[in-house]
Engineer: 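A single structure is presented below for examination.
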Amino acid sequence: MSKAPITKRTVDAAQAAPLEYVIWDDRGKETVKGFGLKVTPAGAKVYIYRYRIARPGKADRTPPRKYTIGRHGNLTPDQARSRAKELAAAVARGIDPRQSELAAIGAIDEAKREAKAKAKLDQTLVFEKVAERWLEEYAVNHRPRTVEQARHIVAQRLEPALKGKPMPHITRADLQAIIDGIPLKHRASRLAVYAYASVLFRWAMERGEISDNPVRMMAKPSAPKARNRVLTEDELATVWKSVDRLTDPYKAYFKLLLWTGQRREEVAGMKWTELDRQTGQWIIPAERTKNGTKQIIPLAPAVVGEIDRLALALKVEAGIKEFEPGCWPKAGPVLSTDGKRTIKSYSKAKSKLDIATSDVLGDDSPMEAWRIHDLRRTLATGLQKLGARFEVTEAVLNHISGARSGVAGIYQQHDWKEEKRDALRAWAAAVAAIAAGHRSDQFLNQSGEGDPLAWRAYIRACVDNGGKPVKRESDNVVPISKTTRSGGSA
């Protein structure tokens with residue numbers, strides 16, 4: 001071990017040797033104890049500082065530690081000496097330079113990690129960006145209507161309150177405030193927000209973007225009360241009369257809803273490509289049905305006639321003078337306000353019908369409020385009254401429940417095609433009969449009591465008459481104007 005003043009002359013004179021060696025500073029009173037120059041066999045010259053951290057009673061036995069100040073060339077001898085003095089002063093205060101440097105490096109690394117995490121939150125984990133990615137994936141395996149509803153909930157309910165907020169920072173309180181902001185009477189909306197938020201946050205949790213689903217511990221909003229509204233025969237006759245006051249496409253829309261019993265979106269989205277006049281069928285593809293199952297609806301003569309009317313109107317509007325009667329278009333929407341897009345303004349359509357109904361009934365006898373979906377329940381009730389089997393009614397409504405669910409649904413693969421055709425023809429005939437003034441409770445048995453079998457027999461006669469009402473027999477019908485069940489004529 002050699003000693004010498006660490007100066008430029010000393011450093012320049014130092015030569016590489018087969019083994020690494022150190023020249024320790026020796027500058028009299030100006031000596032910085034522990035300051036040295038390390039010379040490697042490759043000729044590298046590095047300034048170092050060796051020190052001990054004193055511990056009570058063990059100062060002399062504490063193993064020395066070495067701190068690398070820097071390479072010669074990057075530092076001058078004077079700069080290296082100044083740095084060594086700073087290190088010596090720190091050691092005198094009990095500060096370990098190596099640990100201090102590691103702590104500083106750790107602080108820098110932690111700051112970098114925090115900055116990176118913040119950038120990730122701001123760039124990829126804010127609510128609207130996570131929701132956008134979720135909707136893209138959600139759209140792959142769900143029906144368009146369900147995806148449309150999910151987009152509506154995100155855009156109209158969640159995003160206004162959560163936009164710009166990182167997903168990991170969103171709490172139960174944030175989501176509860178959104179639900180609490182929806183009026184209590186709108187139970188369906190509250191439940192929809194809860195349901196879609198739960199799916200979205202669970203998806204984010206499963207991807208590792210959040211540690212927990214904040215919806216998990218929230219109280220589920222109460223579901224809306226199940227509706228059981230069924231239009232009476234008098235109400236059905238009023239609605240039919242009101243529908244005739246509308247213009248297309250809403251006039252045809254409500255008639256098709258009444259005749260087929262399909263869901264409002266399915267009827268509104270009807271396309272010419274789904275219709276086959278030759279077989280008398282409307283085939284709704286699986287992607288357009290609520291349960292993802294293709295639905296085949298046999299068309300009653302009245303339905304075929306209505307669609308013929310729509311097809312003819314399109315040809316006349318297009319200026320086509322020569323065409324084959326009963327020839328339907330090959331493409332495009334059946335019900336449209338502009339000829340290009342299917343109708344989606346259900347509330348607008350219902351409002352128009354309600355206005356027409358008020359005109360029919362007058363202000364003194366308003367009709368009890370009802371919804372478009374109630375027409376499906378009315379059809380189902382009417383089919384049961386006409387003697388249709390429960391399984392057939394379920395098939396007409398495309399319900400996979402009851403007789404069509406579970407083990408029965410797996411082993412029972414009958415499509416009820418013919419039974420559905422008979423049921424829908426009978427229902428269309430019943431609608432026509434009711435609209436013409438007939439009522440099911442006017443048909444009596446030999447004891448003069450209301451008899452469902454008599455009503456069914458009459459409707460079968462109407463079906464045989466092309467779906468149009470036939471003259472009623474005086475011995476089994478009570479006129480509408482009478483309040484007693486005694487005689488009468490058609």
Side-chain angles (χ1 to χ4, degrees), residues 125-229 262-266 268-269 286-293 295 344 346-347 371-374 376-377 397-402 404-406 409:
L125 290 184
V126 290
F127 173 81
E128 61 270 24
K129 292 186 177 181
V130 175
E132 182 180 0
R133 294 197 300 273
W134 169 68
L135 284 169
E136 288 178 0
E137 185 172 311
Y138 190 75
V140 175
N141 297 317
H142 292 82
R143 296 183 308 110
R145 179 177 172 234
T146 305
V147 175
E148 182 181 351
Q149 185 177 19
R151 292 189 185 280
H152 174 79
I153 293 297
V154 169
Q156 300 300 319
R157 297 294 188 182
L158 299 176
E159 192 168 311
L162 303 176
K163 186 174 182 179
K165 192 165 187 176
M167 287 285 283
H169 296 172
I170 296 174
T171 64
R172 281 184 292 164
D174 295 323
L175 297 170
Q176 190 63 56
I178 295 173
I179 293 176
D180 290 344
I182 303 172
L184 284 170
K185 63 181 181 180
H186 298 157
R187 294 184 180 182
S189 294
R190 283 173 156 242
L191 190 59
V193 171
Y194 175 89
Y196 283 108
S198 179
V199 176
L200 165 57
F201 280 86
R202 184 176 68 243
W203 176 84
M205 183 183 71
E206 291 171 349
R207 290 168 56 86
E209 295 180 342
I210 56 176
S211 59
D212 195 11
N213 179 359
V215 186
R216 185 173 59 86
M217 297 299 291
M218 291 176 62
K220 185 177 181 180
S222 58
K225 294 181 179 179
R227 289 183 60 83
N228 58 4
R229 178 82 163 92
Q262 302 311 297
R263 295 179 177 86
R264 64 177 191 178
E265 295 82 3
E266 295 164 354
E287 60 268 20
R288 282 219 311 115
T289 64
K290 183 176 181 180
N291 58 22
T293 302
Q295 167 72 320
K344 293 184 181 295
Y346 312 121
S347 58
R371 298 179 183 178
I372 292 177
H373 191 77
D374 296 335
R376 277 170 61 82
R377 198 175 298 108
L397 298 176
N398 200 20
H399 278 173
I400 300 181
S401 60
R404 302 180 72 203
S405 65

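Keep in mind it's a predicted model, so treat the numbers as computed, not measured.
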Engineer: Counting neighbours of NZ on Lys165 that are heavy atoms of other residues, nucleotides or ligands and sit closer than 6.0 Å, is the number greater than 12?
Structural biologist: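 It does: Lys165 NZ has more than 12 such atoms within range.
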Engineer: What is the minimum heavy-atom distance between Ile153 and Ala192, and which atoms define it?
Structural biologist: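 Here Ile153 and Ala192 meet closest at CD1-CB, 3.9 Å.
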Engineer: Identify the two heavy atoms, one from Gln295 and one from Leu397, that lie closest to each other, and give their separation to 0.1 Å.
Structural biologist: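 Looks like NE2-C, 4.2 Å.
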Engineer: Nearest 0.5 Å, what's the CZ-CZ distance between Phe127 and Phe201?
Structural biologist: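 Answer for the CZ-CZ pair, Phe127 versus Phe201, is 5.5 Å.
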Engineer: So how far is it from Leu125 CG to Ile170 CD1, rounded to the nearest 0.5 Å?
Structural biologist: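 The distance works out to 10.0 Å.
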Engineer: To check you understand the geometry: which heavy-atom pair defines the closest contact between Thr171 and Pro214, and what is its length?
Structural biologist: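 Answer, listing the atom of Thr171 first, then Pro214: C-CB, 4.0 Å.
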Engineer: Side chains of Met218 and Ile179: does their closest heavy-atom pair fall under 4.5 Å?
Structural biologist: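 They are in side-chain contact.
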Engineer: Within the 4.5 Å heavy-atom criterion, are Arg263 and Arg376 side-chain neighbours or not?
Structural biologist: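 Answer yes - side chains close enough.
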Engineer: Would you mind reporting whether Tyr196 and Thr146 have side-chain heavy atoms less than 4.5 Å apart?
Structural biologist: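 Side-chain contact under 4.5 Å: yes.
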Engineer: Minimum heavy-atom separation for Glu128 and Gly164, please, with both atom names.
Structural biologist: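 Heavy-atom minimum between the residues: OE1-N, 2.8 Å.
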Engineer: Within this structure, what is the CZ-CG distance for the pair Arg202 and Asp212, rounded to the nearest 0.5 Å?
Structural biologist: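 CG of Asp212 is found 12.5 Å from CZ of Arg202.
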Engineer: Whether Glu209 and Arg133 form a salt bridge (side-chain N of Lys/Arg under 4.0 Å from carboxylate O of Asp/Glu) is what I want to check.
Structural biologist: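 Salt bridge: yes.
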Engineer: For the side chain of Ser198 and the backbone of Ala195, is there at least one donor-acceptor N/O pair under 3.5 Å apart?
Structural biologist: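 Flag not set: sc Ser198 to bb Ala195 has no pair under 3.5 Å.
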Engineer: Has His142 got a side-chain atom pairing as donor or acceptor with Tyr138's backbone, closer than 3.5 angstrom?
Structural biologist: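 Checking the backbone N and O of Tyr138 against the side chain of His142, a donor-acceptor pair under 3.5 Å is found.
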Engineer: Closer than 3.5 angstrom, by distance alone: can the side chain of Asn398 be matched with the main-chain N or O of Asn291 as a donor-acceptor pair?
Structural biologist: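 A pair under 3.5 Å: no.
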Engineer: Is there a side-chain contact between Val154 and Glu132, using heavy atoms and a 4.5 Å cut-off?
Structural biologist: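 Contact flag for Val154/Glu132 side chains = no.
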Engineer: Ignoring hydrogens and angles, tell me if any N or O in the side chain of Arg157 forms a donor-acceptor pair with the backbone of Ile178 under 3.5 Å.
Structural biologist: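 No.
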Engineer: Do you know which two heavy atoms are closest between Glu265 and Arg288, and how far apart they sit?
Structural biologist: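 Minimum heavy-atom contact is O-NH1, 3.5 Å.
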Engineer: Which heavy-atom pair separates Pro160 from Ala155 by the least distance, and what is that distance?
Structural biologist: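 Result for this residue pair: CD-O, 3.3 Å.
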Engineer: So does Ser222 get a backbone contact from the side chain of Arg187, meaning a donor-acceptor N/O pair under 3.5 Å?
Structural biologist: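 Absent.
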Engineer: Please say which of Val126, Ile210, Leu162 ends up in a side chain to side chain contact (heavy atoms under 4.5 Å, CB included) with Met167.
Structural biologist: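 Considering Val126, Ile210, Leu162, a side chain to side chain contact (heavy atoms under 4.5 Å, CB included) with Met167 is found only for Ile210.
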Engineer: For the CZ atom on Arg229, are there more than 12 heavy atoms of other groups (residues, nucleotides or ligands in this structure) within a distance under 6.0 Å?
Structural biologist: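 More than 12 within 6.0 Å, yes.
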Engineer: Measuring only between side-chain heavy atoms, which start at C-beta, is Tyr194 closer than 4.5 Å to Leu175?
Structural biologist: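 They are not in contact (no side-chain heavy atoms under 4.5 Å apart), so the answer is no.
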Engineer: Before accepting this row, confirm whether a basic side-chain N of the pair Arg377/Asp374 lies closer than 4.0 Å to the acidic partner's carboxylate O.
Structural biologist: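 So Arg377 pairs with Asp374 through a salt bridge.
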